[in-house]
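Counting from 1, the numbers follow the sequence of the chain as shown.
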Amino acid sequence: MWQGNVTERKAGPPEVGVSVIIFALAHSHNQNAGNAGKAQKVAHDELWIPLVRRVREPFKGMWALPGGDLLAGRSLEWSAFVALESTTNLRPRYLEQLYTFGDPHRSGSALPMVSIVYWALIGSAQVDDLRDGDNVQWFAESALPPLAFDHADIIRYALDRLRSKMSYPDVASKLVGPRFTLRRLHDVYEAIAGRRFDLGNFRRKMLASGQLEETGEKLAEGRHRPAAVYRYKPGIVDEDNETLKSWDKQLNAEPDRSGTVPSASVAGDDALSPLTTD
């Protein structure tokens, strides 16, 4: 660890840590004018993000992304996982490395620091209720508070990256689940894009893509007649990737006496390489 007074430490190498963004799909409610001018709450899907209120300087009292230090003897992914679980109690199936942020002025007047940022997507089936915890609160992506450091820029970057990959089945399937109606898939696409899509055009395009197949099931959706249930065709979504299985084993492994969890034995340096952005 770098020693010395504050001036010397500011001139030295930056501190390095991990930060994590989770995008969870959940309902929001807008007030719309209903019959006879009465306000009605209209539910729609939106991306939500957990934030942590800082308890020390810099930016004490402001909201920030969950994060933590690198852990000795453990991988970057594991350090990110621990930072996330310790603040939100969530255990997403995977974490994907997003980008490394290291602008020398990102910490204000404090010591320089570099953040290796990971992100994950979790669908509503995994978060029946977004529960706030000690010093942790969930915010809709459209209503984020002022954020510490450059975390607002990081979230914007992650959103741009997510929206640029919106048409990838691997991305959509993590939010919509293995089986879905076209209306549900449409709602997920709208939540990611943050804008409306004509439902009829969306249905035609998805059916013409050749990516979907009917399951033979029907599902009632509100007052609408039962709708056909679809899934992505085998091979379109990589659900049985061996690296993901190895990662699952690593997450569930018991630490040895030194507190170190063995790294998964997988091809390549990154156990999540198929899910890591270029």
Side-chain angles (χ1 to χ4, degrees), residues 21-30 32 41-49 90 92-98 119-128 130 140-142 155-245 272-278:
I21 303 174
I22 275 212
F23 290 119
L25 198 65
H27 283 312
S28 295
H29 290 86
N30 285 344
N32 285 356
K41 286 187 176 181
V42 179
H44 67 283
D45 284 325
E46 190 171 3
L47 295 173
W48 288 68
I49 302 170
L90 289 172
R93 187 166 178 259
Y94 82 102
L95 289 174
E96 175 182 337
Q97 191 175 121
L98 175 68
W119 65 343
L121 307 175
I122 53 176
S124 54
Q126 294 173 267
V127 279
D128 296 330
L130 302 184
E141 174 268 318
S142 62
I155 291 174
R156 279 193 292 270
Y157 182 91
L159 281 168
D160 287 345
R161 205 65 177 273
L162 176 60
R163 285 163 181 162
S164 72
K165 300 175 69 173
M166 183 172 59
S167 62
Y168 291 22
D170 278 329
V171 172
S173 67
K174 288 176 176 62
L175 290 172
V176 77
R179 289 175 171 77
F180 46 85
T181 64
L182 287 177
R183 178 177 291 274
R184 178 60 180 156
L185 187 62
H186 166 265
D187 292 346
V188 167
Y189 268 66
E190 284 194 338
I192 295 174
R195 61 187 178 90
R196 299 294 184 186
F197 295 116
D198 179 78
L199 179 58
N201 287 338
F202 179 85
R203 288 176 182 271
R204 286 191 290 273
K205 289 181 180 179
M206 290 307 303
L207 292 177
S209 70
Q211 296 178 341
L212 307 180
E213 64 181 11
E214 289 194 47
T215 64
E217 303 170 14
K218 297 284 186 179
L219 180 66
E221 296 179 314
R223 297 179 179 179
H224 303 282
R225 65 182 181 181
V229 176
Y230 290 83
R231 65 188 172 203
Y232 283 102
K233 291 180 178 178
I236 297 293
V237 175
D238 193 1
E239 297 177 342
D240 297 317
N241 192 287
E242 289 299 323
T243 57
L244 289 180
K245 293 179 181 178
L272 307 178
S273 54
L275 297 172
T276 303
T277 54
D278 296 330

Determine the minimum heavy-atom distance between [X] and [Y], stating which atoms define it.
X    : Y    : result
K174 : D170 : NZ-O, 3.1 Å
L175 : I122 : CD2-O, 3.4 Å
P226 : K218 : CB-CB, 4.0 Å

Among residues at least two apart in sequence or on other chains, which ones pass side chain to side chain contact (heavy atoms under 4.5 Å, CB included) with [X]?
X    : value
F197 : M166, H186, Y189, E190, A193, R195
R225 : none
A158 : I21, F23, L98, W119

[atom1]/[X] to [atom2]/[Y] distance, rounded to the nearest 0.5 angstrom?
X    : Y    : atom1 : atom2 : answer
D160 : I155 : CG    : CD1   : 12.0 Å
I236 : Y168 : CD1   : OH    : 14.0 Å
L47  : I22  : CG    : CD1   : 12.0 Å

Side chain to side chain donor-acceptor pair (under 3.5 Å) contacts touching residues 203-216 (sequence neighbours left out):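 Matches after skipping sequence neighbours: N201-R204, E213-R231.
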Student check: side-chain heavy atoms of L25 and D187 closer than 4.5 Å: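 Side-chain contact under 4.5 Å: no.
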Student check: side-chain heavy atoms of L212 and F180 closer than 4.5 Å: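 SC-SC contact between L212 and F180 confirmed.
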NZ/NE/NH1/NH2 to OD/OE distance under 4.0 Å, E96 and R161: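 R161 and E96: not salt-bridged.
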By side-chain hydrogen bond (donor to acceptor under 3.5 Å, both in side chains) - contacts of R179 (at least two apart):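 With neighbours one apart ignored, the set is empty.
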For Y232, side-chain hydrogen bond (donor to acceptor under 3.5 Å, both in side chains) partners two or more places apart: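 Y232: no side-chain hydrogen bond (donor to acceptor under 3.5 Å, both in side chains) contacts found.
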